[in-house]
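Given the structure is predicted, the values throughout are model-derived calculations rather than measurements.
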Amino acid sequence: MALEIEHTLLKELHTHVEAAYPGEGAGFLLGEERNGHRRVTAILKLPNARAASARHNRFLLTAADYARGEDEADHLGLTLLGVFHSHPDCPNRPSEYDREWAMPWFSYIISRVDGGAAVSDLSWRLAEDRVVYEEEMMLVSM
């Protein structure tokens with residue numbers, strides 16, 4: 001399994017999560033999947049619906065956000081592939097909170113944002129038994 005994203009889309013994602021700093025930024029990954037290879041061709045940037053006092057280490061996408069993500073994917077002829085979010089000033093590994101809210105069929109890009117600048121990205125998939133995340137190969141294309 002691999003997740004591919006164009007450099008320009010990754011930069012757009014970075015701009016969004018950097019603007020959310022010191023809180024977590026989030027949104028959806030839209031694209032295509034073929035033979036286990038996912039290619040992100042669009043992102044949907046969303047506001048963090050979590051209370052302002054908790055945004056530094058939590059994000060929330062609402063049911064309305066998910067409906068908007070599905071509608072946008074349908075409108076573009078794409079699939080909702082997953083979620084992106086940031087971890088401000090801490091490692092970009094999924095937290096227990098992330099695991100509790102994750103869905104095994106989604107890819108999760110977590111961007112580490114240190115001091116307001118995105119410094120690294122990792123993609124994760126939750127195992128079907130929902131016990132552990134597995135790092136997903138992430139390819140950045142030009």
Side-chain angles (χ1 to χ4, degrees), residues 1-51 54-142:
M1 291 185 281
L3 180 76
E4 180 182 350
I5 186 168
E6 290 184 15
H7 177 73
T8 54
L9 282 176
L10 191 59
K11 295 280 279 180
E12 188 178 333
L13 184 157
H14 287 168
T15 299
H16 179 66
V17 298
E18 289 170 352
Y21 184 87
E24 292 192 7
F28 288 119
L29 306 168
L30 311 175
E32 309 162 332
E33 182 172 9
R34 289 195 182 102
N35 302 320
H37 181 87
R38 293 177 169 186
R39 187 169 152 264
V40 178
T41 58
I43 63 170
L44 179 59
K45 300 173 276 189
L46 294 165
N48 185 343
R50 179 69 58 196
R55 289 184 191 152
H56 69 284
N57 67 347
R58 297 282 186 269
F59 76 97
L60 176 65
L61 298 177
T62 66
D65 292 332
Y66 277 89
R68 183 174 168 208
E70 290 286 356
D71 288 347
E72 183 68 11
D74 287 346
H75 173 74
L76 297 172
L78 301 172
T79 299
L80 183 57
L81 297 176
V83 172
F84 69 87
H85 76 280
S86 58
H87 280 188
D89 301 314
C90 66
N92 48 345
R93 298 197 167 278
S95 67
E96 180 60 20
Y97 175 85
D98 293 338
R99 188 191 63 76
E100 290 172 3
W101 289 94
M103 293 175 260
W105 55 88
F106 272 177
S107 291
Y108 291 88
I109 293 178
I110 303 177
S111 299
R112 180 175 179 154
V113 179
D114 287 348
V119 296
S120 68
D121 307 283
L122 295 173
S123 186
W124 302 90
R125 296 276 301 266
L126 185 63
E128 288 293 326
D129 64 8
R130 300 185 49 80
V131 173
V132 67
Y133 273 95
E134 298 168 355
E135 189 173 348
E136 180 176 48
M137 183 184 339
M138 188 169 151
L139 308 168
V140 180
S141 59
M142 294 299 184

Can any side-chain N or O of [X] pair as donor or acceptor with the backbone N or O of [Y] at less than 3.5 Å?
X: H16; Y: L44; result: no
X: Y108; Y: M103; result: yes
X: Y133; Y: D98; result: yes
X: R50; Y: N57; result: no

Tabulate below the donor-acceptor pairs under 3.5 Å that side-chain atoms of residues 65-82 make, not counting sequence neighbours, or state none.
from: D65; atom 1: OD2; to: T62; atom 2: N; distance (Å): 2.9
from: D65; atom 1: OD2; to: T62; atom 2: OG1; distance (Å): 3.2

Kindly give the heavy-atom pair with the smallest separation between [X] and [Y], and that separation in Å.
X: E4; Y: H37; result: OE1-NE2, 2.9 Å
X: A118; Y: E18; result: N-OE2, 2.8 Å
X: E6; Y: V140; result: C-CG1, 4.5 Å
X: G31; Y: T41; result: CA-OG1, 3.6 Å

(request) Could you tell me whether the side chains of N48 and H85 share a donor-acceptor contact shorter than 3.5 Å? (result) no
(request) Determine, step by step, whether H56 and D89 satisfy the side-chain hydrogen bond (donor to acceptor under 3.5 Å, both in side chains) criterion, reporting the C-alpha distance in whole Å, the side-chain angles of both residues, the deciding distance to 0.1 Å, and the verdict. (result) CA-CA 9 Å; H56 69 284; D89 301 314; over 6 Å; no
(request) With rounding to the nearest 0.5 Å, note down the distance linking CD in E33 to CG in L3. (result) 9.5 Å
